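Here the structure is laid out as structure tokens; the discussion comes afterwards.
Fair warning: this is a prediction, and the values are worked out from it, not measured in the lab. Chain identifiers are assigned alphabetically (A, B, ...) following the order of the sequence lines, protein sequences preceding nucleic acid strands; residue numbering begins at 1 within each chain.
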Amino acid sequence: MEHKIKSIIQKLNLDRIQFADARITITDNESIYFSNGFLRDFSSNKESINVGVRVLIRGCWGFAGSNDLSEASIERMIKTAITNAESGSNFKTEPENFPALPATKAEYIFTPEINPFQMDKEEKLDYLGKLATAIKPQGKIVYSMLVAVFERQEKYYANSEGSYSHTVYYNTMPMMLVSASDGQQNQSRTWPGDMSGGRAGFEQFYHYDFENNTERIIKEATDLLKAPTVSEKQADIIIGGSHLALQLHESVGHATEADRIFGMEISYAGKTFVKPEMLGKFRYGSPVVNIYSDSTDPRGMGFHPMDDEGVPGKKVDIISQGILKDLQSSRYIAHKLGLEPSSNMKASFADDFPLVRMTNCCLAPGKGSLDELIASTERGYLVDFTKTWSIDDNRNNFQFTTEIGYRIEDGRIVGIVKEPTYYGITQPFWNACDAVCGEEEWQYYGTFSCGKGEPGQSMLLSHGVAPARFRNVDMIVKI
Amino acid sequence: MDLITYLKDQLTLQPQLLWVLYDQSWSTDFLRFYRSQTNYNISKDNQTLSISLYKDKRSYYFTIYEPTRDKIDAALKEALEILDKLPPDPDFVDLEDDLTLAEPREVVNNIEQVPLELKTAILNRIASAVKPHGFEIYGTFICNFSHYRMISSNKLDKSSSSSPIYLEVKAVHKDSEITVLQSFGGEDFAKFDEAEFIYGLLNKIEHCKNPVVDVEAGEYDVILAPRCVAEFMQYLSWCMDARSYDERDSYFEDKLNVQVFPPHISITDDPTDPDLIRQDYGSGGHIYRPLKLIENGVFKAFMCDNYYHHKTGLPKNGNQGSCLSIAPGESSLEEMIKSVKNGLYISSLHYMNFINMKETSITGLTRDGTFLIKDGKIVNVVNSLRFTERIDRILNNVIALENRAHTTAFSDNYSYFDISSTKAPHALIKDFQISSSTHTI
């Protein structure tokens, strides 16, 4: 494949092409889905090959992608990408500048502790089947599911500047859900929540200790049927890691993607309230809020030695002591803003066009344990496990509902509430953050399904967070 | 012998197996633009051959890429070994057995009909039309072409082609970011009237001249544009799916043949409507026919495939909610606007999610043109707003429906990229719950 991708780049060595790059991805994935204790779906896609060619001509991008790696197909794709760029330049008023970068080379092979594609299938299904049986309908539980998704992706990248990288990653996303009903209402609980994906093999199941959480979610889903709702208009909330990862994702991660500033995502994902003049001045959050983009940390799914336009992996401070410092950017946008490119250009597969994407977008740890944070909270709620999420076009007005809230009184958890909903505006919300737990509570959470771009791409990415407290958050919404 | 025939022959040699082959090719030409210029042009194509095998209630699904006889032999050998190790699904009974074929039709490949040069020429003219008003255009111009053939051990052998077009233009004011939206979708580009399209966009821009205002949270009479009515309908249709019924989270669980909405609400899933992007076959290859979901306010049917038919006992129809249509009413849009003393016109919705599907409670936002109506006239653009509502409440609060329905296409962009269409009139809703303002456009 190394020879193949380098030969594609050689064919793109034409005077009229300012810059060109090519990618090949080979992806295996396996999806296992149990419903009500029974195996409903076992799907496997092996060695799915995709190839993509991107060219910049007269300041305009053209792209062609395919899953056909034959020579004839490659020739056709090169012609199509060139035609797409040339035709597109007829509707182009500001040709894109693309300052050169030095050539770099990178190789990275991740080895999971337990390779999900090579482990014994009976052992795998036996383990998952036992979990599925443990949560199958019983008592008030009327529906249950268990999902495991495994992915291995090998990627080859080369560009006309001489950069080349070859990487292999394994990612796993495990999740289980139970739904309880009393005939009038349904309440559900998941474990470990929607952000369960990680750079790992089958060991991700053991990391989240699934066996010891089946009874917990059955009990909590059942108890939620009789639980009260939040009664206060405003409350102090501690957001647990699983849900805080999504709060960070929606209100900081997407908001600081620089392509949104220029409206490149208006047609689908939206724009952002962030403006270039805010850099270095805007108080995004309180002084305890430190947020960075880090594609150099191999623990997260956002790790890469080089992004999909040849920029080496980087750690970039986005918000430092509450002040907006930098953005997630591409080479073109970084140049336009006078910034260094942040190594955030990624595509899901080789036949997708690279976009500004979160990699490992993290909230830096503060101090203390979750128990200490709860103990220092007079009244409030610990909320976790996302149920509903929604944020506006500018990443400004959000509203979230979690599956469960744990009521805190005098520094202790004294009960639960169902479907706690909170809402707010991004800047005052992050300025209301007065504490972030320490290293001992900090970990990566991850999603397999961050949607962006057209045609749509689902990106795998991670968020490192520790639980954090936010004061006087708006809580009650009339439905 | 072609590879599909070879694969079919190999599978037929295994009489203990039930199987489905799905051979699909798909391509797209996709122009994305921003600030009245090209962002990028993408051409993509792919071909996939996927197989579902069933043996003694055990099932396994896999895909073969770039198939050859050797690859097929190896993949089948491995699949049969895996299949024997899987636990059974006692709810599986049989594969789809509906052999009805759709009426043959000619499908033109719109990727060839609407080349890139034509797309950029049209976009240049639209951009020129809005420029004097201080607006620039953002959006997508997409043509797809797909073809699939489905063959099964139950003697199904069905093929279908489709070539939808989707043009979505958002005109955005360079300074204020006030946005209005105009779109076209369908399979026949001859139905695209460029002059009317531009007129529609300029007409919306006309309503953007007064200062932007904010409104407080509260209950408002609102006129929902057809796109918004269609989106609420799409979300509601998830509750009309047999899977949702089986998982016990359907709002309609115990409401079959019950009057759930006012008599003027009728919703049909209708692939035969010539204004909609046609679907020949639904889930499992069942013929796709019109299905009345809500008739005069009465819930009439769940959309149900073969699997859930056997599991739940609901009647099978294969419908998927891909061609939803809500029947028009009796009012003109002008009459509806005139009847509103203090309310809102909502053009488009954003980032909706169910809070609790069984209750149809939902939250989301407005975007791309939210307007204040005062004393029967549209007077100001309003900042985008958040609503928190229940879809059943919205439909029960419909005061009037427009006397014509409009086709709206959607680019289904999240997990699987395709274009679908719906048909809906404007709707006047009383007491629509605005829960907060975004304070931004």
Side-chain angles (χ1 to χ4, degrees), chain A residues 38-45 47-49 60-67 80 84-85 87-88 90-94 121-122 125 129 142-143 179 181 185-186 262-264 266-268 273 351 353 388-394 396-397 399 401 419 423 425 451 454-456 458 477-479, chain B residues 28 30 32-47 60-63 65 82 85-87 89-91 116-117 120 123-124 138-140 168 170 172 247-249 350-351 353-356 358 361 363-365 367 384 386 388 390 411 413-415 417 433 435-436 438 440:
Chain A
F38 299 114
L39 181 65
R40 271 296 318 277
D41 181 61
F42 189 111
S43 306
S44 172
N45 298 305
E47 297 188 357
S48 164
I49 290 183
C60 185
W61 290 110
F63 180 84
S66 177
N67 64 354
T80 304
N84 281 349
S87 301
N90 295 330
F91 182 53
K92 190 85 184 166
T93 48
E94 299 169 54
K121 282 202 166 49
E122 281 171 294
L125 285 163
V142 294
Y143 173 69
S179 180
S181 173
Q185 58 165 330
N186 278 26
F262 296 100
M264 290 172 162
I266 279 184
S267 61
Y268 174 57
F273 70 92
D351 65 344
F353 191 87
T388 299
W389 61 103
S390 175
I391 190 161
D392 80 304
D393 208 8
N394 280 300
N396 207 34
N397 174 311
Q399 182 170 308
T401 301
E419 295 177 344
Y423 64 99
I425 299 291
E454 296 172 295
S458 276
V477 179
K478 183 184 169 192
I479 302 176
Chain B
T28 186
F30 201 113
R32 203 169 193 213
F33 50 96
Y34 77 117
R35 293 180 152 195
S36 292
Q37 61 177 329
T38 301
N39 186 351
Y40 49 74
N41 280 323
I42 286 178
S43 299
K44 272 176 79 162
D45 59 70
N46 62 53
Q47 180 110 24
Y60 178 58
Y61 170 93
F62 61 104
T63 305
Y65 296 96
I82 291 170
K85 292 175 184 168
L86 302 181
D89 175 3
D91 296 316
L116 196 46
E117 291 75 14
T120 52
L123 292 175
N124 265 316
Y138 298 67
T140 48
E168 180 179 282
K170 293 187 182 183
V172 182
E247 294 177 1
R248 306 282 305 273
D249 59 4
H350 176 64
Y351 220 134
N353 250 325
F354 274 119
I355 295 171
N356 189 312
K358 195 167 177 64
S361 54
T363 189
L365 299 122
R367 77 165 172 180
S384 295
R386 172 172 296 286
T388 305
R390 290 169 55 133
S411 153
N413 210 33
Y414 208 77
S415 56
F417 174 66
Q433 290 183 177
S435 45
S436 59
T438 69
T440 54

In terms of heavy-atom pairs under 4.5 Å, which option from A:Y423, A:F262, A:W61, A:F353 contacts chain B the most?
-> A:F353
Indicate yes or no: at least one non-hydrogen side-chain atom of B:T63 is less than 4.5 angstrom from one of A:S48.
-> no
Under 4.5 Å heavy-atom distance to chain B, tell me which part of A:L125 shows up: side chain, backbone, both or neither.
-> side chain
Among B:S36, B:S361, B:G364, which residue forms the greatest number of heavy-atom pairs with chain A at distances under 4.5 Å?
-> B:S36
What part of B:R367 gets closer than 4.5 Å to chain A, counting heavy atoms only: side chain, backbone, both or neither?
-> side chain
Where do A:S390 and B:Y351 come nearest, in terms of heavy atoms and distance?
-> OG-O, 2.7 Å
Does a side chain donor of either A:N84 or B:S43 reach within less than 3.5 Å of an acceptor in the other side chain?
-> yes
Rounded distance [0.5 Å steps], CG in A:D392 versus OG in B:S384 | 6.5 Å
Of the listed residues (B:R390, B:E168, B:K85), which shares the most heavy-atom pairs with chain A below a 4.5 Å separation?
-> B:K85
Do you know which of A:V142, A:N186, A:T401 has the most heavy-atom pairs under 4.5 Å to chain B?
-> A:N186
How many angstroms lie between atom OH of B:Y60 and atom OG of A:S44, to the nearest 0.5 angstrom?
-> 3.5 Å
Examine distances only and state if a side-chain atom of B:D89 and a backbone atom of A:F38 form a donor-acceptor pair shorter than 3.5 Å.
-> no
In this structure, OG of A:S43 is separated from CZ of B:F62 (nearest 0.5 Å) by 11.0 Å
Going by the angle between their ring planes, with limits at 30° and 60°, are A:F91 and B:F33 parallel, tilted or perpendicular?
-> perpendicular
Take A:T93 and B:R35 through the test side-chain contact (heavy atoms from CB on, under 4.5 Å) and record every step on the way to the result.
-> CA-CA 9 Å; A:T93 48; B:R35 293 180 152 195; over 6 Å; no
Heavy atoms only: give me the nearest B:Y65-A:N45 pair and the separation to one decimal.
-> OH-CB, 3.7 Å
Any donor and acceptor pair, going by atom type alone, linking the side chain of A:K121 with main-chain N or O of B:I82 inside 3.5 Å?
-> no
Go through A:A85, A:S66, A:G129, A:A64 and name the one with the most non-hydrogen pairs under 4.5 angstrom from chain B.
-> A:S66
With side-chain contact (heavy atoms from CB on, under 4.5 Å) as the test, would you mind laying out the steps for B:T438 and A:N394 before giving the verdict?
-> CA-CA 8 Å; B:T438 69; A:N394 280 300; 5.7 Å; no
Just do the side-chain contact (heavy atoms from CB on, under 4.5 Å) check on A:F63 and B:Y40 with the steps written out, would you?
-> CA-CA 7 Å; A:F63 180 84; B:Y40 49 74; 5.8 Å; no
Nearest-0.5 Å distance that lies between atom CG in B:N41 and atom OG1 in A:T80 | 11.0 Å
Looking only at B:N124, B:N39, B:T140, most heavy-atom pairs under 4.5 Å shared with chain A are made by B:N124
Looking at A:R40, A:K92, A:M264, which one has more heavy-atom pairs under 4.5 Å with chain B than the rest?
-> A:R40
Drop me the distance from A:E454's CD to B:F30's CZ, to the nearest 0.5 angstrom.
-> 4.5 Å
What residue in A:I391, A:D41, A:I425 has the most heavy-atom pairs under 4.5 Å with chain B?
-> A:I391
Is there a donor-acceptor contact under 3.5 Å from the side chain of A:D351 to the main chain of B:D45?
-> no
What's the verdict on side-chain contact (heavy atoms from CB on, under 4.5 Å) for A:Q399 and B:I355, showing C-alpha distance, side-chain angles and the deciding distance?
-> CA-CA 10 Å; A:Q399 182 170 308; B:I355 295 171; 4.2 Å; yes
Report yes or no: do B:D249 and A:S179 form a side-chain donor-acceptor pair below 3.5 Å?
-> no
Heavy-atom pair of closest approach, residues A:Y268 and B:H350 | O-CE1, 4.4 Å
What are the two closest non-hydrogen atoms of B:N353 and A:W389, and how far apart are they?
-> ND2-O, 2.8 Å
So, B:T120 side chain and A:G88 main chain: donor-acceptor pair closer than 3.5 Å or not?
-> no
Can you tell which part of B:E247 gets under 4.5 Å to a heavy atom of chain A, answering side chain, backbone, both or neither?
-> both
Is it true that a side-chain atom of B:K170 and a backbone atom of A:I266 form a donor plus acceptor pair closer than 3.5 Å?
-> yes
Residue, of B:V172, B:D91, B:N356, that accumulates the most heavy atom pairs under 4.5 Å with chain A | B:N356
In this structure, CZ of B:R386 is separated from CG of A:N396 (nearest 0.5 Å) by 10.5 Å
Least distance between heavy atoms, B:Q37 atom then A:E94 atom | OE1-N, 2.9 Å
Where the side chain of B:K358 meets the backbone of A:Q185, is there a donor-acceptor pair that is under 3.5 Å apart?
-> no
Where do A:S87 and B:E117 come nearest, in terms of heavy atoms and distance?
-> OG-OE2, 3.4 Å
